Q: 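So that we are looking at the same thing, I have put the structure below in C-alpha cells.
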Amino acid sequence: MRITRAGAAVSALAAGALLLSACTSPAQNDEADGNTSPTAATVEPTGSCKPDLGGVETADGNISYSVGEAEFLGYNSNTPETYSTYNTAVTDRLIGGFWYWGVDGSVCRDEAFGTYEAISEDPLQVRYTIADDATWSDGTPITYADFLLDWAAQAITTDGTVTTDGSETALFNHISGLTLGDYVPEGPKADSADAKSFQYDYERVYADWEIQISGPFPAHVVAEQAGVSTEQLVEAIHNLDMSVLQPAAEFWNTGWLSQTPGELPDPALVPVSGPYTFKEGGWVAGQSITLTANENYWGTPAATRELTFRFAPADTHVQALQNGDLDVIEPQATVDTVAQLEAIGSSITITTGQTLTWEHLDFNFGAGPFADSLPLREAFAYCVPRQEIVDNLIKPVDDSAEVMNAREVFPFQDGYDEVVEAAYDGRYDQVDLDQAKAKFEEAGATAPVQVRIGYSAPNPRRAEEVASIKASCDQVGFEVQDVGSADFFDTVLPNGDYEVALFAWAGSGQIASGQNIYSSTGTQNYGKYSDAEVDAAWETLASSADPEVHTEQVKIIEKKLWDTLYGIPLFAHPGVAAYSSTLQNVRDSAAQSGAVWNAEQWSRAS
Amino acid sequence: MLKFILRRVAVSAVVLLAASFLMFVLTINSGDPLKDLRESNATNKQQLIDARIAFMGLDLPWYERYWNWLKGVGGCFTGQCDLGVTANNVDVLSLTTQAAGATLRLVTLATLLAIVVGVALGILTAIRQYSGFDYSVTFGAFLFFSLPVFWAAVLLKEYGAIRYNDWIATGQYQPVTILVSAAVLGFVLQAVLGGDRRRRLLTAGGTFAFVTVVMFVLNALDWYRNPMFGAGMVLLVSAGAGVVVTALVTGFGNRRVLYGALTTAVVGVVAYFVFAPVLLDPSWLSLIGLFLLAVVVSLGIGYAWGGYARRQAMLVTLVTGVLTSLAVVFDILVAHWSSFLGLKSRPISTIGAATPNFTGGFWESVLDMGAQILLPTVLLTLISVASYSRYTRSSMLEVMGQDYVRTARAKGLSERAVITKHAFRNALIPITTIVAFDFAGLIGGAVITERVFGWKGMGALFADGLNHVDPAPVMAFFLVTGVAAVLMNLVADIIYASLDPRIRR
C-alpha cells in the first residue's frame, strides 16, 4: 500500500518536474550552425620535396598541431636564446626562403621565392635572383637590402669591422655566429639597395654554401627602427657606419623577441614572407598560438586558413589526437605509443619512418685496450649484435628499420647503397663469435678485457642495447659494464672515462659537418681518433663545391672509418607521426623540423 | 593583536630570506645548464656555450648571482620589480603573473568543492559511524588518496572526455545503463539515509523508480543534447534550497525564517525575468554587480522577516539568495548548451585551459572554460576530498564524545541543534588550519595535474626552470609560494581566534 502511494508520489513529482522544465526560461536561444568550404586536392608525393598541388584556394578551417609544451618566444628564431625546434616550427611558416629541407634531409629549392646558381665552383661564386613578385606582407618588395642585412648579422663584430676568423664578439646576437662573414668578408654584391638579384663571392670554397643563404628578415623594418631609410641602412652596412649599425643591431637582438608571453608584436614590425602570418589575438600565453593565411603571399597559398600550435606536453598528445584537440602529432617513438595509437583505430593515420638522428658505438682512442689494437676493435665489432638490437628494439616501432652501415649517409637517402657498397663488405652484419674469438686472440688480449660502455642515462633503450651487447660480447672474453650516467656529456665523454661511447648524432644536413667529428683536430672528436687519410679526404671534401667530389670523398672516408673501426654505426632513430584521417597531405619528415615542414599544404576533407 | 601580527610578519620575512638563499644555491647547483649544448654538433658550439654563460651569468660567483637576483626583487618594494629573465630571454615577472593566474583558476574551484564535499562527507560519516556508508566512504577516501595522479588523469581523459564526447554525439542512454545507474543511486541513497529495513527498502525503491522514469523521459526529449531547465525548475530548486537551509540553521520552529527563505527564492526568480536582458549578454562586471545586488536584497528580506531571530533569518536568506543566483546561472548555462555543442562538437577537451580561437558569446565561452576545467577539477577534488573527509570525521567524532554535547542532548535539544550548533562549530576549528595550509600548498601548483592537462601554472614554471637549471623562474615560484604560505598561516591564526574564543584571551 505504502509503496504504491510512494510510487505514485514519485511519478507525480517526476511529471511535475518535467512540466516545470517545459516552462521556457529567459535563456532559451537558437542553435548556431557551421559551414563547409572548398579543400585542396590530394597529390601523391614523389621525391623528397613538396609536390605541386595545383590551384590551391585557402579553405576556411583550423588545423591544430603541437611540438611540445615550450612557449612561443618570438619572431626572431635566430638568437641563441630563442633558437629551438619549438620556435622555428612557428617562424618557419612566417619566413620564406630560397630552399627548405626535404623529407630525407636533402635541400629542396623554392622556385616561387627565387632561384640561385653557382656560376663558378672555384672560386665559388653564387648568383641569387629573388622572384619579381616576392614581397613582404606589408607590400615592400623583398630585395638585396634584406639579404645584405642577413649577411651583416653574421659578419660584423662589435668593433665595427668585418670578422677575420669568426672568433670575435659579434654585433648581432646570431645563432650561427660569424661563420658567413668569415667565408664571405666582402658580403653580397648588387647594383642597388632595391635590386632583385645579388651575388655572393666566397673567399674560399665552402662545401655547404647552399644552406648558408635562406630567408632574411625585413631590412626596411630594421632601418625604420634605426631611424634611417633602407638605402641608408645599406650604405651603413657597406661603410660599417656604427652610428646606424648599433641601433639596428639593438633592434635585431631584442625588438623581435616576445618577452611577455601572449603579447603579439606590433604587426608593423613583423611583416612575413611565408604562407602564414600571426593571427590577431591568436596567442594565449601558455596555451597556443594561431597563425592565419598570409593574404598577400605571392606563392601557392596555404590550403587551410588557420594553423594552431598548442603548447602541450608530449605525453598528452595521443589522447589529445584521439579527442580531436590536436590534428597532427609526433609523439615519442616508443613501442608503447605505437600500440596506443594503433588501438585508436581508423579515425587516425599513423606513419613511421627513420629520422636524421643516428645511434652509434664509438671507441676511445685516447686510452684503454681499444686505443692501439685494431684486432681487439674488430673482435668487439664481430660480437656486437646489431641486427638483434634493431629487430628487438627498433622494428616494433618502425617496420622499415634496418642496420645502418654508414655514417655520412642515411639508409633512406639517395646514394646510401652506393656508398655502403664502396666502403663496407658486410662482415659485421651478423654476430660471428668464432671470428671474434680469433681476433681477440690475435690482439694478444687476456680475458676478461673490461669494456665500459657510457651513455647519457636514464635511457631505457640504451640500457637494453648495452645488455644485449654484454650478453654477446662477454662470451668472447670482454667484460662489458654499463656505465650510463646523467653527466655523460658533461664529464664522462670529455674526460674519456669509457672504452666505448654509445650516443647519437643529429644529422645537420650539412655536407662537411662530419669534419668536426672524424678529423684529428675536430672539436667533436671525443674519442681522439686520428688518421691522416681521413683528414686529407675531409680537407678535399670541405674545400669543394662539386657534389661528385663530395660523394667520392665520402666513400674514401667511410671505407677508412670501417677499416680502422672508428666506431660501429647502429641504426637511425625511428620517428612516429599520427594525424586525423580527415586530413590530407600530411607527410612526416626525417629532418629536424618534423611533420610540420609542409603545414601549408595540409587540408581537411569535408 | 597587532603586535602579534607584526612580530609574525617580521619573523616570516627573515625565514623567507634565508629560505630564498638556500633555494637559490640549491637550484644553481642542481644540474648542468649547458647540457643541451654539450650534446650539440653545431659548428660554433663553443661560441654558443660562451654566449649562454655570459647571458645567464654562469661565470659569476654564486653569491654575486644571488645578490643580483635579490636586488631585482628588492625593486618590488619601490615599484620596479625585476625577477629577471629565463634562459630563453622571457620576462619572468609576466610569466609568473600568468602562471599564478592559471593556477588560481585551476585550484580555487577544486579547493572550494573539496572543502564543501569533504566536510559534508566527514560529518555524515561521523554521524553514521561504523555504518555501511561510513565504511564505503572510508574505503573511497583511502582509494582516492593513494591514486597515482598521472594514471587517474589518463583514465579520466579516456572516460570523461573521449568516451563522453563520443556519446554526446548521439546523447542517448541505453536502457541497461539507465537501470544500472538507477539501482546504484538507490543503493547509495538508502545507505546514506539509513533507518530500519522497511524505510531503507522504501528509499531505495523510490529512488530507483524516480531515476528510471526521469532518465527515460530525458532520453525521449533528447535532453542531453538540447537540455532545458526552465524558470519553474529554478523556482523549485531555490525554494528547496531555502527549506533545507532553514532546516539546518534554525529548524522549522520559527516560521518567519522559513517564509523569509521562500520569499528570497521567489524574488530571485522574478528578478531573473526582470534582469534577463542583462543576464543573457553580460560582462563579468555586470554579473558581479547583479550578484552583489542579490546579496543585498537577500539580506534585506531576512531583515524584514526576521523578528526576534533577525541574525539567523538574515543568514538563511543570504545563503538561499546565493543558491538561487547559482540556480539562475545554471539555467542560463543549460540553455546555452546546445548552441555550445554546435560550436564545439566534442565539448570536453583533454588539454588546455580554453579552446583556441573559440568564437562563442559570453555564456558559450563560460561553458567552454567550464568544460576545460572540469576534468582537472574532478581529479584535484577527489584527491583532497579524501583528507578533508577523514580530518572532519575524526574531529567531529572527538567533539561528539565531549561532555558539553552530552549536556546539550540531556537538556532536550534536537539532534539538529546538537550537531549544527554544538558539535559542528567546534569540530571546524582544527579543519581551518588544514584548509589554510592546503590552499597555500595548492597555489604552488599541482605539478602533475597541470602537466597532464596541458596547463601552464606555477607547477610548470617550477618544473621547467629546474629542468633547465634556470634560477629565475624557480625563485619566482618560491617567492609566490613562500609568501602564500606565510600569509595563509597568518590567516589561519586569525580565523582560529574568531572561531575559538579561548584563544582570544
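No experiment lies behind these values; they were computed from the predicted model shown. Letters A, B, ... are given to chains in the order of the sequence lines, protein chains preceding strands, and every chain is numbered from 1.
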Q: Rounded to the nearest 0.5 Å, what's the gap from OG1 on A:Thr79 to CZ on B:Phe55? Could you check?
A: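 Between atom OG1 of A:Thr79 and atom CZ of B:Phe55 there are 8.0 Å.
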Q: So what's closer than 4.5 Å to chain A heavy atoms on B:Leu279: side chain, backbone, both or neither?
A: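 When you check distances to chain A, no heavy atom of B:Leu279 falls under 4.5 Å.
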Q: Of the non-hydrogen atoms in B:Gly454 and A:Pro313, which two are nearest, and what is the gap between them?
A: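 For B:Gly454 versus A:Pro313, the nearest heavy atoms are CA-CD, 4.0 Å.
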Q: Heavy atoms only, distances under 4.5 angstrom: which of A:Ser176, A:Pro80, A:Gly74 has the most pairs with chain B? Name it, please.
A: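 Highest number of pairs under 4.5 Å: A:Ser176.
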Q: Which residue out of A:Asn173, A:Val284, A:Ile175, A:Leu326 racks up the most heavy-atom pairs below 4.5 Å with chain B?
A: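 Winner by heavy-atom pair count: A:Ile175.
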Q: Please look at A:Asp490 and chain B and tell me whether the side chain, the backbone, both or neither of the residue comes under 4.5 angstrom of a heavy atom of that chain.
A: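 Both parts, backbone and side chain.
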Q: Which answer fits B:Arg346, side chain, backbone, both or neither, if we ask what part of it has an atom under 4.5 Å from a heavy atom of chain A?
A: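 For B:Arg346, side-chain heavy atoms alone lie under 4.5 Å from chain A.
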Q: Give a yes-or-no answer on whether the side chains of B:Asp91 and A:Thr260 include a donor-acceptor pair shorter than 3.5 Å.
A: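 On atom types as modelled, these side chains do not qualify, holding no pair under 3.5 Å.
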Q: At what distance, to the nearest 0.5 angstrom, does CG of A:Asp325 lie from CG of B:Asn165?
A: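 Between A:Asp325 CG and B:Asn165 CG, I get 8.0 Å after rounding to 0.5 Å.
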Q: Which one wins on heavy-atom pair count under 4.5 Å against chain B: A:Glu81, A:Glu71, A:Lys279?
A: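 Sorted descending by pairs with chain B, the first entry is A:Glu81.
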Q: Measure the CD-CD1 distance between A:Gln319 and B:Ile351 for me, rounded to the nearest 0.5 Å.
A: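 Reported value, rounded in 0.5 Å steps: 10.5 Å.
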Q: Within a radius of less than 6.0 Å around CZ of A:Phe278, do more than 12 heavy atoms belonging to other residues, nucleotides or ligands occur?
A: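 Yes - once you tally the heavy atoms of other residues, nucleotides and ligands closer than 6.0 Å, there are more than 12.
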Q: With a 4.5 angstrom heavy-atom cut-off, which part of B:Val154 approaches chain A: side chain, backbone, both or neither?
A: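 Contact with chain A involves both backbone and side-chain atoms of B:Val154.
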Q: With a 4.5 angstrom heavy-atom cut-off, which part of B:Ile162 approaches chain A: side chain, backbone, both or neither?
A: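 For B:Ile162, the contact with chain A is made by backbone and side chain together.
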Q: Would you mind checking which part of A:Leu493 comes under 4.5 Å of any heavy atom in chain B, side chain (CB onward), backbone (N, CA, C, O), both or neither?
A: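 Neither part; nothing is under 4.5 Å.
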Q: Would you indicate whether the side-chain heavy atoms of A:Pro261 and B:Ser94 approach each other to under 4.5 Å?
A: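 B:Ser94 vs A:Pro261: side chains touch.
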Q: Relative to chain A, which segment of B:Asn357 carries a heavy atom at a distance below 4.5 Å: side chain, backbone, both, or neither?
A: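 The side chain, not the backbone.
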Q: Can you name the closest pair of heavy atoms from A:Gln259 and B:Asn89 and give their distance?
A: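 Distance-wise, the nearest heavy atoms are NE2-OD1, 2.6 Å.
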Q: Does a sphere of radius 6.0 Å around NE2 in A:His360 hold more than 12 heavy atoms from other residues, nucleotides or ligands, not counting ones at 6.0 Å or beyond?
A: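 Correct, the count exceeds 12.
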Q: Could you look at B:Ala460 and say if it's the side chain, the backbone, both or neither that has a heavy atom under 4.5 Å from chain A?
A: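 No part of B:Ala460 comes within 4.5 Å of chain A.
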Q: How long is the straight-line distance from CG of A:Asp315 back to CZ of B:Arg451, given to the nearest 0.5 Å?
A: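 Going from the CZ atom of B:Arg451 to the CG atom of A:Asp315 covers 4.5 Å.
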Q: Which answer fits A:Tyr526, side chain, backbone, both or neither, if we ask what part of it has an atom under 4.5 Å from a heavy atom of chain B?
A: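 Answer is side chain: those atoms of A:Tyr526 sit under 4.5 Å from chain B.
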Q: Could you state the interatomic distance from CG (B:Asp32) to CZ (A:Phe489), rounded to the nearest 0.5 Å?
A: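 Result: 11.5 Å between the selected atoms.
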Q: Looking just at side-chain N and O atoms, do B:Thr350 and A:Asn323 make a donor-acceptor pair shorter than 3.5 Å?
A: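 No donor-acceptor contact under 3.5 Å links the two side chains.
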Q: Contact part of A:Phe311 toward chain B, heavy-atom cut-off under 4.5 Å: side chain, backbone, both or neither?
A: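 Contact with chain B is through both the backbone and side chain of A:Phe311.
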Q: Specify the closest pair of heavy atoms between B:Ala354 and A:Arg310, including all atoms of both residues, with the distance to one decimal.
A: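 Taking B:Ala354 first and A:Arg310 second, the nearest heavy atoms are O-NH2, 3.9 Å.
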Q: Which atom names give the shortest non-hydrogen contact between A:Leu73 and B:Val90, and what distance separates them?
A: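 Heavy atoms of A:Leu73 and B:Val90 come nearest at CD2-CG2, 3.4 Å.
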Q: What part of B:Ala87 gets within 4.5 angstrom of chain A, counting heavy atoms only: side chain, backbone, both, or neither?
A: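 For B:Ala87, the backbone is the part near chain A, not the side chain.
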Q: Side chain from CB out, backbone as N, CA, C, O: work out which of these in A:Gln322 comes under 4.5 Å of a heavy atom of chain B, or both, or neither.
A: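 Both backbone and side chain of A:Gln322 come within 4.5 Å of chain B.
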Q: With a 4.5 angstrom heavy-atom cut-off, could you sort out which part of A:Ser456 is near chain B: side chain, backbone, both or neither?
A: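 Answer is side chain: those atoms of A:Ser456 sit under 4.5 Å from chain B.
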Q: Specify which of B:Gln46, B:Gln98, B:Gln47, B:Glu158 makes the most heavy-atom pairs with chain A at under 4.5 Å.
A: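 Going by pairs under 4.5 Å, I would pick B:Gln98.
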Q: Contact part of A:Ala512 toward chain B, heavy-atom cut-off under 4.5 Å: side chain, backbone, both or neither?
A: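 It is neither, since no heavy atom gets under 4.5 Å.
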Q: Please classify the contact of A:Glu306 with chain B as side chain, backbone, both or neither, using a heavy-atom distance under 4.5 Å.
A: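 When you check distances to chain B, only side chain atoms of A:Glu306 fall under 4.5 Å.
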Q: Flag the pair B:Lys456 and A:Glu69 as a salt bridge only when some basic side-chain nitrogen lies within less than 4.0 angstrom of an acidic carboxylate oxygen.
A: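 Result for this pair is no, no salt bridge flagged.
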Q: For A:Ser513, which atoms come within 4.5 Å of any heavy atom of chain B: side chain, backbone, both, or neither?
A: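 Answer is neither: A:Ser513 stays 4.5 Å or more from chain B.
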Q: Looking at B:Lys35, B:Lys45, B:Arg52, which one has more heavy-atom pairs under 4.5 Å with chain A than the rest?
A: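 Option with the top pair count is B:Lys45.
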Q: Among residues at least two apart in sequence or on other chains, which ones pass side-chain contact (heavy atoms from CB on, under 4.5 Å) with A:Ser84?
A: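 Per chain and number, A:Ser84 pairs via side-chain contact (heavy atoms from CB on, under 4.5 Å) with A:Tyr86, A:Asn87.
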